2 protein chains.
Amino acid sequence: MGRVTLQTVADRVGVSRMTVSNAFSRPDQLSARLRERILDVAAELGYCGPDPAARTLARRRAGAVGVLLTDSLSYAFTDEIATTFLGAVARELEVTGIAMTLLSSPRGSGLTPARDVVLDGAIVYSVDGDSPALAWLRRRDLPLVFVDQVAEPGIPSINIDDRIAARTAAQHLVDLGHRDVGIVTQGMNAPYETVYEPDTDSVHLVPRERMKGWLDALRPAGVRVRAVNEAVNGEVEGRRAAGLLLDQPDRPTALLALSDLMAAGALHAAEDRTIAVPGALSVAGFDDSPLASRLRPSLTTVAQPTHEKGRLAAQTLMTAIERAQEGSTPSRARHQVLDTELVVRDSTAQPLN
Amino acid sequence: MGRVTLQTVADRVGVSRMTVSNAFSRPDQLSARLRERILDVAAELGYCGPDPAARTLARRRAGAVGVLLTDSLSYAFTDEIATTFLGAVARELEVTGIAMTLLSSPRGSGLTPARDVVLDGAIVYSVDGDSPALAWLRRRDLPLVFVDQVAEPGIPSINIDDRIAARTAAQHLVDLGHRDVGIVTQGMNAPYETVYEPDTDSVHLVPRERMKGWLDALRPAGVRVRAVNEAVNGEVEGRRAAGLLLDQPDRPTALLALSDLMAAGALHAAEDRTIAVPGALSVAGFDDSPLASRLRPSLTTVAQPTHEKGRLAAQTLMTAIERAQEGSTPSRARHQVLDTELVVRDSTAQPLN
DNA sequence: GGCTGCTACTGTACCGGTAAAGCAAGGAAA
DNA sequence: TTTCCTTGCTTTACCGGTACAGTAGCAGCC
């Protein structure tokens, strides 16, 4: 016995296949009486509605959008900023009944969901420009939206000005009187886990721009700057990196961290060494993740509208998809830059001298 | 001009459509020379590989599995336990190159990804038995795996024994000498935000079983038990609920919370009232989320192997899918119950008197 | 020289739907 | 009465692939 399809049901009821299709997908196309009879027979035969795969092929619409994150998908669930972003995307998609597919991009292996999974479009969030998965998405000619990503003509993008945002954090320290600042960061083109004189060399947009912003404020003020670069943006890494800086003879009086997560690690490192924050050490983060206000002392940081980014990304993608499906030529892609704001809390103060 | 398909490429190269298909999907079926030529022409024509929708239909395989969570999808990204679980699932799927689709289940609206999205199978995580989305997944006859869900014959499941686990936490308080305990929970069939004498009535598996477990230990020991029920499992809610209990005349000497998240709220509530923990109040959570050890005081809780749950769920699903696709009759579904362990930290101690 | 066994391709038959045009019958408008 | 709409169902023509069973050509082998 084969599977039950539209045809099976149609034969049994004695109508055309198309009518059965309409019974499920376009109820207004047939009489209520017939529709009911068809649905009854379908239920009786164990037919559970049009096959999604066939329907997707015929309608050229999948009912799912992709989200491509970093190379490692599981990162999506460890970083609080990523989860906030995804949550916002999810919330926005939820009401449209469209599913959200997380795309991984295992470097090296030939397995690439970005190539093989049915999608109507995708959000690309902070992915390296040379990622193979991104290359596939492009080639598939899907509507895309870039977030925290180098903007490209033709592709709508949503960003903050990381450089300016970072500068306000650094300027805040300068204004407080700090003249020796340590930077705790990640993803730079520099050796890991060692104190070095920082530059702005990185393939990753976000760390690079933030570094530029910090140096924009620190260098002209004649501040001494030392940095530690880590492979991963995590609390453990932040703790280790901050530790290296704090163990220097003549240690910095303030630390700037790439993220609130790394800043949390820095607070830990200070605690490990019984260095009082903000008395003997100021610490500033970036993101204003929920973590920032939970920490003790609460964290001075730069707030970025993560939730709004997700909302906008989803919204922008939906309209791009609609337009693409109508076949109308895409209107010029908007590049949105959202505002950030320095949030001063309890982790920064004047240096002791 | 129509879109570029296999046929377009085939015509151009002068081979059959099937050969082009093989060039992409089964390289061993043709000579390397021809394959290269086909790939070149394809690139030239802007053909970017087999259409996923068509391929999915023809192979009857989607390359994506679903994860159905609570009704509100965005919850998936706010609860640290949910994200840990999803992260583990993601990590496990990642290496197989299979994508993970998050299914929402908007009650009421007719929009149901669970019905319309192509999937090879799905993980159902702590979803009410009467969820419409779950009903659709069932009808579609997809391989399923249940997690934190009432086990059913024929469907592999992964659970912990919430009842016994909760009992160990409550017993711990009893053993310390507490004789007046407050319960901070969620999802019970009881009025919200009011102090009441608890019972075990709930449609939700997890809160119900944990409540049973707590009462198993508390009632026989003659402990006075009061509870507050909230609509949502969140920190804010935990704080409010704990506040209600702590504001009672003759307040409890210890609190049991449904989750570490609610327990965190309870710690906050104590702090608000300058009640010392664990000196004047003991607090115990559940889950052993990363949060538990971050909190001050660090939280006594019941550790459950959340990561392992995710890993196993993904693994179990993958084998179920394989078996289903081979057409072999599914072997009897395993119901796995994982171990839990009481983790005593700094938030519990003997009561004062 | 016939048989066997590759290798490398082709042909046929689906996979399970949907869009859009077609058409018959009945009722309203002219 | 004719014309024109509706309503309600059917017909036709795809959507873009893959599985599987050929088949042709050639080499090896006794």
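Nothing here was measured: the structure is a model prediction, and the numbers come from that model. All chains are named by letter (A, B, ...) in the order of the sequence lines, taking the proteins before the strands, and each is independently numbered beginning at 1. For the numbers below, each heavy atom of this structure counts, side chains included, while hydrogens, waters and symmetry mates do not.
Distance, R61(B) CZ to dG17(D) C1': 13 Å, rounded to whole Å. Nucleotide dC14(D) holds its P atom 20 Å from the CG atom of L6(A), rounded to whole Å. Atom P of nucleotide dA19(D) and atom CD of Q325(B) are separated by 12 Å, given to the nearest angstrom. If you take CD of Q7(A) and C1' of dG16(C), they are 10 Å apart, rounded to a whole angstrom. Between the C1' atom of dT23(D) and the CD atom of Q29(B) lies a distance of 15 Å, rounded to the nearest Å. The nearest whole Å value for the distance from the CZ atom in R33(B) to the P atom in dT7(C) is 19 Å. Regarding R26(B), its CZ atom lies at a distance of 14 Å from the C1' atom of dT7(C), rounded to whole Å. To the nearest angstrom, P of dG16(C) lies 17 Å from CG of D116(B).
Minimum heavy-atom separation, H204(B) to G187(B): CD2-O, 3.1 Å. Nearest heavy atom pair, residue C48(A) against residue W136(B), reads O-CZ3, 4.1 Å. The two residues L137(B) and A114(B) come nearest to each other via the heavy atoms CD2-O, 3.8 Å. Of all heavy-atom pairs between L144(A) and P156(A), the closest is O-CD, 3.4 Å. Nearest heavy-atom pair, V127(B) versus L69(B), reported as atom, atom and distance to 0.1 Å: CG2-O, 2.5 Å.
An OP1 or OP2 oxygen of dG17(D) is reached within less than 4.0 angstrom by no side-chain nitrogen or oxygen of S25(B). Distances shown here put every side-chain N or O of T19(B) at or beyond 4.0 Å from the OP1 or OP2 atom of dC9(C). Of the side-chain N and O atoms in S16(B), one or more sit less than 4.0 angstrom from OP1 or OP2 of dT10(C). OP1 and OP2 of dG8(D) both lie 4.0 Å or more from every side-chain N or O belonging to R35(A).
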N/O-N/O pairs, protein side and nucleotides 12-15 of chain C side, under 3.5 Å:
from    : atom 1 : to     : atom 2 : distance (Å)
dC15(C) : O3'    : R60(B) : NH1    : 3.3

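From S21(A), atom OG reaches atom CZ of R55(A) across 7.5 Å, with rounding to the nearest 0.5 Å. Taking OG1 of T96(B) as the reference point, atom CD1 of I98(B) lies at 4.0 Å (rounded to 0.5 Å). The distance from the CD atom of E308(A) to the CD1 atom of I160(A) is 13.0 Å, given to the nearest 0.5 Å.
With axes fitted over five pairs at each extremity, the angle between the ends of the helix from dG1(C)-dC30(D) to dA30(C)-dT1(D) is 40° (10° resolution).
Listed by residue number, the members of residues 40-52 of chain B with any heavy atom below 4.0 angstrom from DNA chain D are Y47(B), P50(B), D51(B).
By the 30° and 60° cut-offs, the orientation of the rings of F85(B) relative to Y125(B) is parallel. Taking the six-membered ring where tryptophan is involved, the planes of F24(B) and Y47(B) are perpendicular, since the angle between them exceeds 60° and thus also 30°.
Residue contacts shown for T56(A) are absent, as no nucleic acid heavy atom lies under 4.0 Å away.
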